[in-house]
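Lettering of chains follows the sequences in order, A, B, ..., and the numbering in each one begins at 1. Please read these numbers as outputs of a predicted model, since none were measured by experiment.
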There are 4 protein chains.
Amino acid sequence: MNTAGRIFRISIFGESHGSALGVLIDGCPAGIPISPEDFQEDLGRRKSGNPGTTPRLESDIPIIESGIYNGFTSGGPILIRFLNESTQSKDYENLQQHPRPGHADFTAHIKYGGYAARAGGGMFSGRLTLGLVAAGVIAKKIISPILPAASLMEVGGNKNIEQALSEALASGDSIGGIIECRTQGLPVGLGEPFFDSIESIISHFAFSVPAIKGIEFGSGFAAARMKGSEHNDSIIDASGKTASNHAGGINGGLSNGNELVFRVAVKPTSSISLEQESWHFGNQAMQSLQIKGRHDACIALRVPVIIESITAIALADFLLLAQQRKLIF
Amino acid sequence: MNTAGRIFRISIFGESHGSALGVLIDGCPAGIPISPEDFQEDLGRRKSGNPGTTPRLESDIPIIESGIYNGFTSGGPILIRFLNESTQSKDYENLQQHPRPGHADFTAHIKYGGYAARAGGGMFSGRLTLGLVAAGVIAKKIISPILPAASLMEVGGNKNIEQALSEALASGDSIGGIIECRTQGLPVGLGEPFFDSIESIISHFAFSVPAIKGIEFGSGFAAARMKGSEHNDSIIDASGKTASNHAGGINGGLSNGNELVFRVAVKPTSSISLEQESWHFGNQAMQSLQIKGRHDACIALRVPVIIESITAIALADFLLLAQQRKLIF
Amino acid sequence: MNTAGRIFRISIFGESHGSALGVLIDGCPAGIPISPEDFQEDLGRRKSGNPGTTPRLESDIPIIESGIYNGFTSGGPILIRFLNESTQSKDYENLQQHPRPGHADFTAHIKYGGYAARAGGGMFSGRLTLGLVAAGVIAKKIISPILPAASLMEVGGNKNIEQALSEALASGDSIGGIIECRTQGLPVGLGEPFFDSIESIISHFAFSVPAIKGIEFGSGFAAARMKGSEHNDSIIDASGKTASNHAGGINGGLSNGNELVFRVAVKPTSSISLEQESWHFGNQAMQSLQIKGRHDACIALRVPVIIESITAIALADFLLLAQQRKLIF
Amino acid sequence: MNTAGRIFRISIFGESHGSALGVLIDGCPAGIPISPEDFQEDLGRRKSGNPGTTPRLESDIPIIESGIYNGFTSGGPILIRFLNESTQSKDYENLQQHPRPGHADFTAHIKYGGYAARAGGGMFSGRLTLGLVAAGVIAKKIISPILPAASLMEVGGNKNIEQALSEALASGDSIGGIIECRTQGLPVGLGEPFFDSIESIISHFAFSVPAIKGIEFGSGFAAARMKGSEHNDSIIDASGKTASNHAGGINGGLSNGNELVFRVAVKPTSSISLEQESWHFGNQAMQSLQIKGRHDACIALRVPVIIESITAIALADFLLLAQQRKLIF
């Protein structure tokens, strides 16, 4: 299903090569001030154009068609669309015959019985994350002054990001990266034990971002190599502040009032300029394949704002849900 | 919410110190043969008693109260309960005053306004995973002959598991571990792009298992340090088989027919025998705290069967959902 | 699916002839006082035993196994079970061969592929409404002092209820009835436009009660024969009070602050003592059938408390959901 | 929430006076042929313009922006928009001060805290049913050759529809009506016991259509006045065919293979030309109010196609869900 969230619910739609794509947001409270300018910064951060990103030039202007009136949310569903302007006809027939390694060409072809063709290739496009960022802008307003901040820690295993990018660009290859997201100021007690733990909900959203292949909270994988006496965070005051934060701000699936910290691993961009081998279904043989055009040498560059967005969306949902928990008598 | 799944839905209930706990399973097709013996092996694997695990002696006999008739599922909701036999009165009042580091004592107290008291402590118990394992037994029947296999790769950063356990037990401390789960034989095309990707759904379930703090699919975090030309898996035959499996069997969120591979990080058990410091809410000061009784020195020992169970549950849901996708005309 | 509700969610389980049946309640706020005595009055009103109802003697004692601690809800899932004590082996094999008119014998047999057999017959039992009434008791606490009140308006088309019952009992036949439910004190604005209107949600629950075949809000079917100038309710004060209440307290799917009024039609009990004809699948012919034992001559007698319960459940869900709508900044 | 359905899910959005409105459809299988012409007939039937309906001239052309490629559904979410062309600025400020009887002016104003203003008035518009009809067109393709057929049985209590309309138009008043929907060819066993009975799901959708105030299945309210011996439908052959159809094709909440029959009551249009009284919130007094412009004298004229649409949507969901129930081993 293309919907996520329990109270603050978002549904994405569209293909990279259709006329438009976007997001439908349901369950947003009335009275939140929203202006077109609110979207500029985050959409700009997501956009391509920097070294290491593709030069596809889309204006990415959000068109709000419902749910906002006179500058405030009305309480109804909010539809935000983006036009696809620079679509170019790709040889999608060929992608089905000769699927690109790392892409969904083969899996989508089987799943949708051949009907996804052009639409199918495009259904998996990173361009769909425009809707996530647009919804994130509204979510950030709901959770304000809480504000998730994500940044790129390393690319291609290298903390010298510019150097790693230059090398990747020069070689026609691609590199991945690691992003860390930190959020301060959460109240204690968001989340639910078991299925709707903070980790469960955030990871569910994070893995909906193309190219994410791992997530860890607090010390994460390093925790598996620590002793309990090292890993346990001592509570040091009445607000629940802890001396260390190996738990990443979460105990028992619930926020503990300390900084929420998690990291995601972004795989190297699947599209590369180098020649690759892949099965050709028509010719029934392995065959060489070269992906034309320019690509993101490091898609991870564009992901921090998307990770912030999905964090804000998840937290908006948790905060709105927490309202309901209050005793009403 | 204490429910997960879209078609094959499970709801867990109970506290470690109430009269009973268990799982309610909805959406299970009729006609699946189930006998009480089917549960023995997996419940046995989850049970404590080995070196490094607690000696709490519970019989853990599943009591099936609905949804199964004459040895077959009837198509109705299946309720499976487990009695709590060896509950002992803990000083829960004290846990609220003096919360244990790493536990949910503090967060639950704030979230539930003090009403969770004993119940609250117990709502977060690893004992609730009994319901996950019981549901997993039924899920494994649904997905048969597909069979997830999880195993412990290392504990405390050490591949010599027995040695690491001995050291931890001797020191009164605890250690974590890393578990890998592999599943062969998935059809191509399970999963959905974006929100209901295989990674999203499995991670959602995996983080509902207490003590899990990280998950990675295929090469995972290592992928962030690879080049695209290394990471991309070439398709080498008409079935979609790939030369390598850095993607862990998933492209675009969909199963690609290769082995599904993921790893989870288990933190060290929070309960340790060593003295720890924590804020005492009554005395308004940091104070030393010692957790009595015997504990799991390495909870990760008991987690592989739980990871298999949640994988089977997620795959049963994907497989049943895939049925619906078929054209019906 | 056997679950309903968005925030306050209930799942029913069990069969009339299994060991136990009941309800699992999720999303109930912590801190609501609950004692076993709270259930007595409503369970008693639902119980059989009066003239016109069956003499099946079940003690119907609710067994609470989770979610309540020291007399208060803890915030976790609440499991309430009822034991089936007076089950008797019916000839279920025969019901599949020779299905009873008006019952689910035939439809369940086809749906569940023969596996529902005894369980299947029992999955549709009115006895499952025990869980609805138990959940209703908790819902009534949540919505207090709001209190739905349902009563029987007529049975068998006759407002002289005792006379109609005597006649039905004497003839071995059964009769239906009409129940009206009135609820005062709702705040303005519960409900959502379109899919989650008050009417949509209440009717969804009402038709889950066996034997209900119609529902109307306010003037209902009579409204279809009125003029707009007659039907429109004039607002007469600043609280939204209306001069008349043809709308039954709902405008645009939302509560308008006036009394919520709806009526349901209960069909005559399907089990009657009189001989009936039905296809015999084994003999491949119409054949006479007689249902043994004593039956409810008028099941409608037991339904008012169930209608109150589902109304309370729906309103608890609406009220808890409304909490979330509040601006949080 | 503005979403309904479990597998075939529809979300509506928009306001009558915004730039566009429509529907987002998720869970539609790939490979269904869809052309723009497919929508013409049903959208035409819904349209105003006949005697008794408003002359608002909208072209109502569906704009499909995702999920359909080369004339077939792709398996992704389908967004269908309709532009609002003849919006005219109404005095919405005044509607909040002086709410129209029978409309959602007052309830929406309270619910959305005044932010719904113009948008709020429009969120409840019958114009939103365009999305229901568009989704219904696709649902009808999924369930083909099953085809729900709804027709107007009476308006204003009169089976001579033209005469009743003439009188209503002449008097400046409005009238309601009763619509019957019949569907042949359903397989046996759609629906679930209790919460997701056929009656529950169809009534949930039916009451999302503005102006519907009652629904009854089969004999409905008349059943409450029948004897069991009259009401029970005898099964007369091996396919489950019954001699009578008082149950409306449903036993135990499941389709029994006979014709599905239900009726809905449509209240008289709330907007009338006659003067009405309503509280003026600004002036703190009852005051006379006259609704300008031309209105539907009988909105029921336009509702049959909408009832067919929601029936098709509900049945598509049931049929797709039934696929999943099949044993997969």
*Of all residues at least two apart in sequence or in a different chain, which pass the side-chain contact (heavy atoms from CB on, under 4.5 Å) check with A:Thr107?*
A:Ala104, B:Val188, B:Asn251, B:Leu254, B:Asn256
*Mind checking side-chain contact (heavy atoms from CB on, under 4.5 Å) for A:Ser203 and listing every partner two or more places apart, or none if nothing turns up?*
A:Phe207, A:Ile215, B:Ser203, B:Phe207
*asked:* If we ignore hydrogens and angles and just use 3.5 Å, is the side chain of A:Lys267 paired with the main-chain N or O of A:Gly102 as donor and acceptor?
replied: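 Between the backbone of A:Gly102 and the side chain of A:Lys267 there is a qualifying donor-acceptor contact (under 3.5 Å).
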Non-hydrogen atoms of chain A under 4.5 Å away: do they reach the side chain of [X], the backbone, both or neither?
X	value
D:Leu21	neither
D:Phe72	side chain
D:Thr73	backbone

*Run the salt-bridge test on A:Asp296 and A:Arg302 with the 4.0 Å N-O cut-off and return the result as yes or no.*
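Salt bridge between A:Asp296 and A:Arg302, a charged N being under 4.0 Å from a carboxylate O: yes.
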_Below 4.5 Å, heavy-atom pairs only: which of D:Ile78, D:Ile64, D:Leu24, D:Ile63 has the largest tally toward chain A?_
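Highest number of heavy-atom pairs under 4.5 Å: D:Leu24.
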